[in-house]
Amino acid sequence: DTGVSQDPRHKITKRGQNVTFRCDPISEHNRLYWYRQTLGQGPEFLTYFQNEAQLEKSRLLSDRFSAERPKGSFSTLEIQRTEQGDSAMYLCASSLSLQGYEQYFGPGTRLTVT
Amino acid sequence: DAKTTQPPSMDCAEGRAANLPCNHSTISGNEYVYWYRQIHSQGPQYIIHGLKNNETNEMASLIITEDRKSSTLILPHATLRDTAVYYCIVRVGTASKLTFGTGTRLQVTL
């Protein structure tokens, strides 16, 4: 098992463009989470899925953000009409609901909006 | 979830024990104490968690006070690779999200 993977690792985009990030969780993990981390702060929760169902969304997830997890496997996070304030590290994590305790994090996607 | 308070930074000599404190005075009876760490440019890594008993695994020990209002994470023999930001998180056991604070930046030195 190679752990949680995220793609791309880095993304530079111009303000107003749309970007999409992908997360591949650990095989058979049915829970998948997205977090955002800005410089000097701890990660902030954005949303989470159990299988393909999106069960919770943070108020941080504005209407420009959308996340999907088709077929309960990989997930995508899309940001439309990016703003400079969207510049951050976007982290994905996965876990098994049966255990529920440990979340395994990927390396993150660093987004820079110019 | 209950709020946690941690010192912003600590230093530790390599080979010595690193004791990282955390205050969680408003913790509820069904809330667990979790510790994660984040090495520079990596995602957070789970270390250990506990409810009220002390816990130990291959990475660390977790000491929770009897009133559960504070805890200490112990790295018994710190190495340079333990340099990281350590986050203490209080969370209901079956809850989904983790609520991170700003953590303690541990610097292990020669």
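Each chain gets a letter, A, B and so on, in the order the sequences are listed, and its residues count up from 1. Both backbone and side-chain heavy atoms feed into the values below; hydrogens, waters and symmetry mates do not.
- For P107(A), the part sitting under 4.5 Å from any heavy atom of chain B is the backbone (N, CA, C, O) and nothing else.
- Residue-environment remark: CZ (R64(A)) exceeds the threshold of 12 foreign heavy atoms within 6.0 Å.
- Annotation for S41(B) and R9(A): closest pair O-NH2, 4.3 Å, computed over non-hydrogen atoms.
- Heavy atoms of Q37(A) lying under 4.5 Å from chain B belong exclusively to its side chain.
- The two atoms that bring L91(A) and G43(B) nearest to each other are CD2-CA, 3.9 Å, heavy atoms only.
- Remark: E44(A) CD to K97(B) NZ distance equals 11.0 Å, nearest 0.5 Å.
- Remark: L51(B) CG is packed, more than 12 non-hydrogen atoms of other residues, nucleotides or ligands lying under 6.0 Å away.
- With a 4.5 Å cut-off on side-chain heavy atoms, L98(B) and Y35(A) count as touching.
- Counting non-hydrogen atoms of other residues, nucleotides and ligands closer than 6.0 Å to CD of E68(A) gives a total of 12 or fewer.
- In plain terms, the two heavy atoms of Q103(A) and Y36(B) that are nearest each other are N-OH, 2.9 Å.
- Note on L55(A) and L46(A): separate hydrophobic clusters, where clusters join Ile, Leu, Val, Met, Phe, Trp and Tyr whose side-chain heavy atoms are under 4.5 Å apart, directly or indirectly.
- Atom CG of L39(A) is surrounded by 12 or fewer heavy atoms from other residues, nucleotides or ligands within 6.0 Å.
- Both V85(B) and Y34(B) are assigned to one and the same hydrophobic cluster, defined by single-linkage of ILVMFWY side chains at heavy-atom distances under 4.5 Å.
- I64(B) and L20(B) end up in the same hydrophobic cluster when Ile, Leu, Val, Met, Phe, Trp and Tyr side chains are linked at under 4.5 Å.
- Using a 4.5 Å cut-off between heavy atoms, Q41(A) contacts chain B through both its backbone and its side chain.
- Taken from CD1 in I47(B) to CD in E102(A), the straight-line distance is 11.5 Å, to the nearest 0.5 Å.
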